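The block underneath contains the structure these notes are about, expressed in structure tokens.
Keep in mind that the numbers below use all heavy atoms, side chains included, and drop hydrogens, waters and symmetry copies. What you see is a predicted model; the values in this text were computed from it and never measured. Below, chains carry the letters A, B, ... as their sequence lines are ordered, and counting in each starts from 1.
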Protein chains: 2
Amino acid sequence: MTTGVRNARPPQPTLEMVAAEAGVSRATVSRVVNGSPKVRPEVVVSVTAAIERLNYVPNRAARSLASRQTQSVALVVPEDMTKFFGDPYFAAVVQGITQRLDESDYTLNLLVASSDPRHKTMRYLRAGNVDGALVISHHTGDNFVADLESTMPVVFGGRPTNDSGANNYFVDVDNIAGSMSGVQHLVDIGRHRIGTITGPVDMPAGIDRLTGFRQVLESAGLPTDAVEHADFTASGAAAATRRLLERFPDVDAIFVASDLMATGALGVLAEQGRAVPGDIAVVAFDDSPAATSGPIGMTTVSQPSKEMGFAMADLLLRLLADDETVPHRNIMPTRLILRESA
Amino acid sequence: MTTGVRNARPPQPTLEMVAAEAGVSRATVSRVVNGSPKVRPEVVVSVTAAIERLNYVPNRAARSLASRQTQSVALVVPEDMTKFFGDPYFAAVVQGITQRLDESDYTLNLLVASSDPRHKTMRYLRAGNVDGALVISHHTGDNFVADLESTMPVVFGGRPTNDSGANNYFVDVDNIAGSMSGVQHLVDIGRHRIGTITGPVDMPAGIDRLTGFRQVLESAGLPTDAVEHADFTASGAAAATRRLLERFPDVDAIFVASDLMATGALGVLAEQGRAVPGDIAVVAFDDSPAATSGPIGMTTVSQPSKEMGFAMADLLLRLLADDETVPHRNIMPTRLILRESA
DNA sequence: ACGGGTTGTGAGAGCGCTCTCATTTTGGGT
DNA sequence: ACCCAAAATGAGAGCGCTCTCACAACCCGT
């Protein structure tokens with residue numbers, strides 16, 4: 001026990017030790033560490049030197065306990081690992097978030113957990129590990145979020161399912177308008193048997209993109225029945241595409257609710273010998289790297305994923321800084337990107 | 001300030017409050033919370049009830065400060081975000097790690113940072129945020145690790161570059177033997193102009209897989225000059241493949257040091273009209289989802305990435321539990337998986 | 001009935017930091 | 001020189017928890 005691996009490490013220097021080394025009080029060292037302006041420059045210098053000499057780093061637990069802040073925020077993703085890592089959309093969002101956070105001195109805690117977020121994750125969050133939370137990929141069933149919001153500031157990526165007016169903060173794109181622009185393009189190039197592979201219908205992004213699809217086809221007087229649901233994964237979309245092709249062998253265009261899913265769809269199309277865009281035109285959503293990494297560049301509805309991550313983090317940080325002027329919602333623009341697939 | 005967003009939240013209940021509610025002392029509540037056996041069952045019941053009633057969750061900062069443990073570990077990845085998210089190998093490792101951690105009550109902190117790990121990341125780690133660290137994708141230049149090791153237990157994924165004998169703990173596969181099995185297969189199927197796309201030569205995995213390549217070709221009396229270096233990314237490998245084809249138009253087989261890179265190579269091969277495996281056979285390394293997600297299944301050297309993650313976490317946890325019997329290295333097996341590409 | 005273990009519980013001292021005050025020092029203004 | 005405001009510093013009380021002791025309550029054997 002006393003000679004154990006962990007206990008064998010030399011203890012880290014403390015504020016107290018720095019104070020002794022510099023010949024000042026703890027309070028003064030604390031001021032220097034926190035950049036308080038009311039310390040004589042010469043004292044700052046000597047304290048800084050002492051810190052340097054001892055290689056001092058403030059203890060986070062002590063600091064959190066005393067200041068009641070952790071200087072870190074969580075990114076909660078109620079999905080399983082594979083889904084999270086598999087979709088480049090998440091990569092982009094995380095990149096945006098870290099980019100904003102890097103400008104601050106907050107750190108990010110990634111919490112990926114579908115299994116039982118209500119328990120381990122909630123416990124972690126409520127234990128005061130973070131000052132605020134970002135939630136992406138939020139499903140209807142994830143009602144743990146309500147509890148979360150009573151505990152700390154929360155910012156959503158994508159309109160939350162229980163958007164109760166002005167209570168939530170979120171960053172999103174107009175999924176309906178976005179998907180409409182994509183489907184409209186399909187109509188414009190003369191397709192008239194248009195199908196869709198949707199996202200999960202328990203997520204606003206899934207629902208809204210389907211709504212956009214329907215609206216365009218209805219006002220164009222085209223049938224809206226060629227719909228297959230999938231789960232934002234490539235394999236799920238592949239299966240859905242097979243079902244779609246089975247039910248509607250005559251489709252000449254497919255609107256797929258995400259790039260990743262489109263890669264799955266494209267695979268099935270190739271496998272079945274349907275030429276893209278010749279036989280079947282494909283429009284996707286996201287404009288992630290997945291849209292350009294395959295053999296055919298995808299025409300896709302671009303959403304600024306990275307910027308959305310950045311905006312989410314920015315919103316949360318302002319909330320944490322007690323900025324009363326932050327807007328509750330930040331709807332960012334989409335843009336149709338034309339490539340080979342349509 | 002006093003009515004700010006953050007401060008408006010109701011304060012969390014404390015141990016003290018639970019003690020009052022249950023009519024016992026702080027110490028007793030602490031014992032119940034930590035599952036100490038020396039509390040009368042009836043007291044356990046009443047304290048548990050009080051905890052339930054108040055919806056109490058222990059404050060982590062206070063607990064860490066007092067116990068000098070955080071119950072969390074870091075996964076340090078000295079790469080940039082895109083590289084990390086882009087490679088399914090990492091996904092598998094992370095999955096293995098979280099799987100092991102989920103069995104414990106440690107939590108994971110993901111630290112992905114190439115830019116300046118020496119600073120922000122080291123500061124974070126040294127601030128006592130975690131009890132131990134896992135390091136993957138370690139490059140020669142990443143000498144910050146030495147400092148880390150003097151602070152807390154560290155387990156590496158992949159042999160560390162400065163493997164100074166018995167000081168480090170790591171989980172790895174025998175990259176040399178693994179790549180040898182892959183290249184040998186190429187020789188066995190009668191290829192005699194074999195090239196390779198390597199990983200970064202500042203990483204053991206990159207170096208060792210190249211070494212295996214050379215050893216097989218040398219003992220087969222074949223030339224070992226068709227070597228192009230890449231960086232474990234698809235695009236880097238694509239560029240390297242172009243260079244390789246340019247320099248050695250007559251190659252009839254390529255050993256690529258990772259599946260992800262092989263997807264890049266395969267793309268170039270397709271683009272240049274070289275049939276796989278007809279004109280050029282391809283053997284990769286990893287056996288990640290990338291090996292089977294493309295049009296041609298890849299023959300690849302399988303390494304148990306997820307199990308490696310699990311083993312890393314397991315090793316670290318045992319280290320943290322002062323288990324003196326843990327082995328310093330855990331070398332796991334590779335296995336050649338035959339698919340269409342060779 | 002009584003000493004001598006157990007066993008369960010409480011008191012209290014920290015863990016390393018922040019932050020409010022009180023106190024000391026400094027720097028004009030006259 | 002003197003006084004007083006302003007600036008710089010220090011003392012000390014927590015933050016919410018753990019953990020070591022000391023103590024109280026109970027068990028057994030004799």
Side-chain angles (χ1 to χ4, degrees), chain A residues 1-2 6-7 9-47 50-51 54-71 105 123 126-129 131, chain B residues 1-2 6-7 9-47 50-51 54-71 105 123 126-129 131:
Chain A
M1 176 81 91
T2 53
R6 184 180 56 243
N7 304 327
R9 318 262 156 185
Q12 297 283 332
T14 70
L15 233 212
E16 187 88 47
M17 294 166 70
V18 175
E21 173 82 14
V24 296
S25 71
R26 274 200 331 277
T28 297
V29 178
S30 177
R31 288 189 187 95
V32 172
V33 168
N34 295 296
S36 160
K38 39 177 67 177
V39 181
R40 285 211 324 275
E42 50 199 279
V43 175
V44 172
V45 169
S46 79
V47 170
I51 288 175
L54 298 181
N55 197 13
Y56 167 76
V57 174
N59 178 295
R60 191 71 81 109
R63 198 197 278 244
S64 302
L65 184 56
S67 68
R68 321 190 112 289
Q69 316 202 147
T70 62
Q71 295 293 86
D105 41 35
R123 221 183 141 67
R126 291 206 39 222
N129 281 292
D131 295 337
Chain B
M1 173 80 90
T2 53
R6 183 177 58 241
N7 304 328
R9 315 264 157 186
Q12 296 284 330
T14 70
L15 233 213
E16 187 88 47
M17 293 164 71
V18 175
E21 173 82 14
V24 296
S25 72
R26 273 200 332 275
T28 297
V29 178
S30 177
R31 288 187 187 98
V32 172
V33 168
N34 295 296
S36 161
K38 39 178 69 177
V39 180
R40 285 209 327 271
E42 51 199 275
V43 176
V44 173
V45 170
S46 79
V47 170
I51 288 175
L54 298 181
N55 197 13
Y56 167 75
V57 174
N59 178 293
R60 190 71 81 106
R63 197 196 277 244
S64 301
L65 183 56
S67 68
R68 322 190 111 285
Q69 315 202 146
T70 62
Q71 296 293 85
D105 40 35
R123 218 182 144 68
R126 290 205 42 222
N129 279 291
D131 296 337

Atom pairs and distances, donor-acceptor, side-chain atoms in residues 35-47 of chain B, under 3.5 Å, two or more places apart:
residue	atom	partner	partner atom	Å
B/S36	OG	B/K38	N	3.3
B/R40	NE	B/E42	OE2	3.4
B/R40	NH2	B/E42	OE1	3.2
B/S46	OG	B/V43	O	3.2

Atom pair [atom1]/[atom2] of [X] and [Y] - distance to nearest 0.5 Å:
{"X": "A/T28", "Y": "A/L15", "atom1": "OG1", "atom2": "CG", "value": "10.5 Å"}
{"X": "A/T70", "Y": "A/R60", "atom1": "OG1", "atom2": "CZ", "value": "7.5 Å"}
{"X": "A/S67", "Y": "A/D131", "atom1": "OG", "atom2": "CG", "value": "8.0 Å"}
{"X": "B/M17", "Y": "B/L54", "atom1": "CE", "atom2": "CG", "value": "6.0 Å"}

ask   = Roughly how many Å is it from CG in A/L15 to P in D/dA11, rounded to a whole number?
value =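 A/L15 atom CG is separated from D/dA11 atom P by 14 Å.
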
For [X] versus [Y], what's the shortest heavy-atom pair and its separation?
{"X": "B/T14", "Y": "B/Y56", "result": "C-CE1, 3.5 Å"}
{"X": "A/A127", "Y": "B/P58", "result": "CB-O, 3.4 Å"}
{"X": "B/A61", "Y": "A/S64", "result": "CB-CB, 3.7 Å"}

note = Note: contacts of residues 54-67 of chain A with DNA chain D (heavy atom, under 4.0 Å) are A/L65, A/A66

inquiry  = Contact list please: residues 18-27 of chain B against DNA chain D, heavy atoms, distance less than 4.0 Å, in numerical order.
reply    =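 Result for residues 18-27 of chain B: B/R26, B/A27, sorted by number.
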
message = Restricting to side-chain hydrogen bond (donor to acceptor under 3.5 Å, both in side chains), what partner residues turn up for B/R126, sequence neighbours left out?
response = A/Q12, A/N55

task = Just jot down the side-chain hydrogen bond (donor to acceptor under 3.5 Å, both in side chains) partners of B/R63, sequence neighbours excluded, or say none.
result =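 Result, side-chain hydrogen bond (donor to acceptor under 3.5 Å, both in side chains) vs B/R63: B/N34.
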
Salt bridge (Lys or Arg N to Asp or Glu O under 4.0 Å) against B/R26, all qualifying residues, sequence neighbours excluded =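 For B/R26 the salt bridge (Lys or Arg N to Asp or Glu O under 4.0 Å) partners, ignoring immediate neighbours, are B/E16.
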
task = Scan B/V33 against the nucleic acid and name what it touches under 4.0 Å (heavy atoms): base, sugar-phosphate only, or nothing.
result = nothing

Could you list all N or O pairs between the protein and nucleotides 25-27 of chain D that sit under 3.5 Å apart?
none

inquiry  = Once side chain to side chain contact (heavy atoms under 4.5 Å, CB included) is applied, do any residues pair with A/D105, and if so which ones, sequence neighbours excluded?
reply    =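 A/Q71.
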
key: Counterpart residues, side chain to side chain contact (heavy atoms under 4.5 Å, CB included), relative to B/A66 (two or more places apart)   = none

ask   = chain B on DNA chain C: first and last contacting nucleotide, 5' to 3', under 4.0 Å to a heavy atom?
value =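 Result: C/dG8 to C/dG16.
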
ask   = Between A/T14 and A/R31, who's closer to the 5' end of DNA chain C by nearest nucleotide?
value = A/T14

inquiry  = So for the helix from C/dG5-D/dC26 to C/dT30-D/dA1, with five pairs setting each end axis, what is the inter-axis angle to 10°?
reply    =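 One end's axis against the other's: 40°.
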
query = So does A/R40 get a side-chain nitrogen or oxygen closer than 4.0 Å to the phosphate oxygens (OP1/OP2) of D/dT9?
reply =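 Answer is yes, contact under 4.0 Å.
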
